[in-house]
A.B. asks: 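My questions all concern the structure below.
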Number of protein chains: 2
Amino acid sequence: MRLVVARCQVDYAGRLTAHLPMATRVIMVKADGSVLVHSDGGSYKPLNWMSPPCTLREGTTEDGAVEWTVTSKTDDTLRILIEEIHADTRHDLGVDPGLQKDGVEKHLQELLAEHPGTLSAGLTLVRREFPTAIGPVDLMCRDAAGAAVAVEIKRRGEIDGVEQLTRYLELLNRDPALRPVRGIFAAQEIKPQARVLATDRGITCAVVDYDALRGMDDAEDRLF
Amino acid sequence: MRLVVARCQVDYAGRLTAHLPMATRVIMVKADGSVLVHSDGGSYKPLNWMSPPCTLREGTTEDGAVEWTVTSKTDDTLRILIEEIHADTRHDLGVDPGLQKDGVEKHLQELLAEHPGTLSAGLTLVRREFPTAIGPVDLMCRDAAGAAVAVEIKRRGEIDGVEQLTRYLELLNRDPALRPVRGIFAAQEIKPQARVLATDRGITCAVVDYDALRGMDDAEDRLF
DNA sequence: ACGTTGATTTCGTAA
DNA sequence: TTACGAAGTCAACGT
């Protein structure tokens with residue numbers, strides 16, 4: 001990892017072209033050759049960057065100015081013209097052990113796949129990620145009467161999710177072997193507008209308690 | 001801007017919970033208080049971060065270890081436990097003049113507005129950003145027979161874009177003065193699932209060559 | 001202030 | 001390897 005604080009001008013040409021006027025910024029060069037140009041504000045996204053794999057070449061212009069050229073396989077180029085360097089340090093960071101996440105949609109799907117009855121009494125799982133031409137249905141189930149039930153799972157239930165489930169239901173209900181298929185929209189939190197739209201379309205809403213589900217899972221684990 | 005290279009452990013709790021084991025990393029603290037934790041790989045995205053507005057509090061644990069706590073208004077917290085500091089520097093960057101871009105969707109729309117015939121032979125422009133109650137249609141055109149055609153433009157064509165165009169078409173087709181209105185889904189690249197959905201709804205897909213369009217435009221400029 | 005849309009999105013996972 | 005959906009997405013723009 002190399003950290004450079006410098007007054008610089010940056011030009012990118014690739015998917016689009018972008019230009020940064022001369023100003024003082026932080027340039028981060030990672031071990032894999034990728035380059036990030038950060039300002040003192042904004043979000044975690046750099047003003048300009050080059051993703052790996054890429055190569056950095058340090059040169060000088062005909063005027064004698066320092067010029068870095070970063071090029072990728074796909075001919076994208078990032079050109080950094082450096083007017084003045086305020087700091088330039090290198091650090092050996094080693095390999096990072098990586099990030100551990102918890103609480104994302106996938107985990108919620110796993111838990112609901114193991115406990116479909118919490119969505120609606122008597123519900124049983126047919127399969128997860130049930131494939132259709134327009135994408136997989138999160139959970140395909142059957143209710144106590146044997147009728148098909150499509151479940152769409154979100155961390156936060158918004159209108160997009162209801163639209164998605166509606167598309168699946170429309171397609172699935174064309175299949176004589178499955179129909180009638182009803183829908184359940186499951187989320188940790190369901191926005192009022194999404195609930196209204198779902199209800200209007202005959203879709204059941206189910207608010208899921210993630211901690212309770214995880215608790216059920218732990219309880220089961222202890223039995224074995 | 002403050003740059004710290006340190007052996008640290010990071011824990012985040014907010015929308016999700018995430019944990020980074022003890023390792024050497026770069027911590028970037030921006031002028032607005034936002035914090036980015038970078039490793040020596042990956043892309044421009046930090047391993048962990050806190051977006052502004054937020055406040056950084058430097059403290060010590062009961063064991064005497066250095067502990068930074070970053071909290072946002074929405075109760076998200078980022079806790080950085082620092083074992084050893086390798087470098088700690090501050091730099092005055094000033095306000096950045098900002099990025100200038102060219103080649104994004106807006107430009108694609110401008111080019112297609114000038115050359116609607118590349119989407120479908122005989123197509124002519126009625127107007128760009130044609131207003132409707134649920135938002136503007138990118139291009140409203142007429143075909144050789146005089147029938148209305150709504151065009152939705154994306155850089156990458158995915159299902160969301162088809163949904164958007166479908167909503168417009170549904171609304172436009174309620175207007176006796178316009179109907180029947182057909183749709184064209186134009187993008188530099190169209191995903192298979194989006195194509196399936198579009199075709200199923202009677203929407204034409206058009207793959208657009210941005211460079212070729214730009215070439216046509218340059219050729220025209222030379223005539224004047 | 002709030003919602004919608006785009007992005008050099010990046011990232012993970014399944015086919 | 002590719003393709004697709006999700007993201008602690010972020011940021012810009014219009015209402």
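Atoms considered below: every heavy atom in the structure, side chains included; atoms not considered: hydrogens, waters and symmetry mates. Predicted model, so just to flag it, every value in this text is computed and none were measured. Chain naming here is simple, since letters A, B, ... match the order of the sequence lines and numbering starts at 1 in each.
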A.B. asks: Return a table of donor-acceptor pairs under 3.5 angstrom between the side chains of residues 126-138 of chain B and protein atoms on other chains or two or more places apart.
C.D. replies:
from, atom 1, to, atom 2, distance (Å)
B:Arg128, NE, B:Gln109, OE1, 2.9
B:Arg128, NH2, B:Gln109, OE1, 3.2
B:Glu129, OE2, B:Gln109, NE2, 3.1
B:Thr132, OG1, B:Ile134, N, 3.2
B:Thr132, OG1, B:Gly135, N, 3.3
B:Thr132, OG1, B:Gly135, O, 2.5
B:Asp138, OD2, B:Ile153, N, 2.7

A.B. asks: Quick one: salt bridge (charged side-chain N to carboxylate O under 4.0 Å, His left out) pairs with a partner in residues 161-171 of chain A, sequence neighbours left out?
C.D. replies: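 Those involving residues 161-171 of chain A are A:Glu163-A:Arg201, A:Arg167-B:Glu163, A:Glu170-A:Arg174.
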
A.B. asks: Give a yes/no on whether any side-chain N or O of B:Trp49 is located under 4.0 angstrom from OP1 or OP2 of D:dT9.
C.D. replies: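 No, no such contact exists.
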
A.B. asks: Just grab all the ring-ring contact (aromatic ring centres under 6.0 Å, His included) pairs involving residues 2-45 of chain B, residues at least two apart or on different chains.
C.D. replies: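 Only A:Trp49-B:Tyr44 qualify under ring-ring contact (aromatic ring centres under 6.0 Å, His included).
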
A.B. asks: May I ask you to list the residues of residues 14-26 of chain A, by number, that have any heavy atom positioned under 4.0 Å from an atom of DNA chain D?
C.D. replies: none

A.B. asks: Measure the distance from CZ on B:Arg156 to P on D:dA3 and round it to the nearest whole Å.
C.D. replies: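 The answer, rounded to whole Å, is 11 Å.
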
A.B. asks: Could I get the full list of side chain to side chain donor-acceptor pair (under 3.5 Å) partners for B:Ser34, not counting sequence neighbours?
C.D. replies: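 With neighbours one apart ignored, the set is B:Asp32.
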
A.B. asks: With a non-hydrogen cut-off below 4.0 angstrom, is B:Glu158 in contact with a base, only sugar-phosphate, or nothing?
C.D. replies: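 No contact at all - B:Glu158 keeps every heavy atom at 4.0 Å or more from the nucleic acid.
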
A.B. asks: What integer distance in Å separates B:Gln100:CD from C:dT8:P?
C.D. replies: 15 Å

A.B. asks: If I take atom OH in residue B:Tyr210 and atom P in nucleotide C:dA7, what distance separates them, rounded to the nearest angstrom?
C.D. replies: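 Roughly 11 Å, once rounded to whole Å.
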
A.B. asks: With heavy-atom distances below 4.5 Å as the criterion, would you say the side chains of B:Ile80 and B:Ile27 are in contact?
C.D. replies: yes

A.B. asks: Just N and O in the side chain of B:Ser51: are any of them under 4.0 Å from OP1 or OP2 of D:dG8?
C.D. replies: no

A.B. asks: Could you work out, with side-chain contact (heavy atoms from CB on, under 4.5 Å) as the rule, every residue matching A:Thr199, not counting sequence neighbours?
C.D. replies: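 Checked A:Thr199 against side-chain contact (heavy atoms from CB on, under 4.5 Å); matches are A:Arg195.
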
A.B. asks: Which residue pairs pass the salt bridge (charged side-chain N to carboxylate O under 4.0 Å, His left out) test with at least one member in residues 91-120 of chain B, sequence neighbours excluded?
C.D. replies: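 Output for this query lists A:Arg25-B:Asp96.
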
A.B. asks: Heavy-atom contacts under 4.0 Å between residues 181-198 of chain B and DNA chain C, which residues?
C.D. replies: none

A.B. asks: Considering only residues two or more places apart or on different chains, which pairs with a residue in residues 35-45 of chain A satisfy salt bridge (charged side-chain N to carboxylate O under 4.0 Å, His left out)?
C.D. replies: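 For residues 35-45 of chain A: none.
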
A.B. asks: Round to the nearest Å and state the distance from B:Asp138 atom CG to C:dG6 atom P.
C.D. replies: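 My rounded result for the distance is 7 Å.
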
A.B. asks: Between atom CG in B:Leu99 and atom P in D:dC10, what is the gap in whole Å?
C.D. replies: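 Roughly 18 Å, once rounded to whole Å.
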
A.B. asks: Just how far is it from atom CZ of A:Arg182 to atom SG of A:Cys141, taken to the nearest 0.5 Å?
C.D. replies: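 If we round to the nearest 0.5 Å, A:Arg182:CZ and A:Cys141:SG are 9.5 Å apart.
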
A.B. asks: Could I get the full list of side-chain contact (heavy atoms from CB on, under 4.5 Å) partners for B:Arg156, not counting sequence neighbours?
C.D. replies: A:Arg15, B:Glu158, B:Glu189

A.B. asks: Between N or O atoms, less than 3.5 Å apart, protein on one side and nucleotides 11-14 of chain C on the other: list the pairs.
C.D. replies:
from, atom 1, to, atom 2, distance (Å)
C:dC11, OP1, B:Ser43, OG, 2.7
C:dC11, OP2, B:Ser43, OG, 3.1

A.B. asks: Quickly work out the A:Ile153 CD1 to D:dG5 P distance and round it to whole Å.
C.D. replies: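 Taking CD1 of A:Ile153 and P of D:dG5, I get 16 Å after rounding.
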
A.B. asks: Which residues satisfy the side-chain contact (heavy atoms from CB on, under 4.5 Å) test with A:Thr55, sequence neighbours excluded?
C.D. replies: A:Thr71

A.B. asks: When the nearest nucleotide of DNA chain C is assigned to A:Arg127 and to A:Leu47 on a heavy-atom basis, which residue is associated with the more 5' position?
C.D. replies: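 Final value for this comparison: A:Leu47.
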
A.B. asks: So if I take every side-chain heavy atom of A:Asn48 and compare against C:dT5, C:dT8, D:dA6, which nucleotide ends up nearest?
C.D. replies: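 The answer is C:dT8, which lies nearest to the side chain.
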
A.B. asks: Describe the nucleic acid contact of A:Met50 in one word from base, sugar-phosphate, nothing, applying a heavy-atom distance below 4.0 Å.
C.D. replies: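 It contacts nothing in the nucleic acid.
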
A.B. asks: Testing the 3.5 Å rule here: is there a donor-acceptor pair between the side chains of B:Lys154 and B:Gln188?
C.D. replies: no

A.B. asks: Specify the separation, in whole Å, of atom NZ of B:Lys154 and atom P of D:dC4.
C.D. replies: 17 Å

A.B. asks: Separation of A:Asp76 atom CG from C:dT10 atom P, in whole Å?
C.D. replies: 10 Å

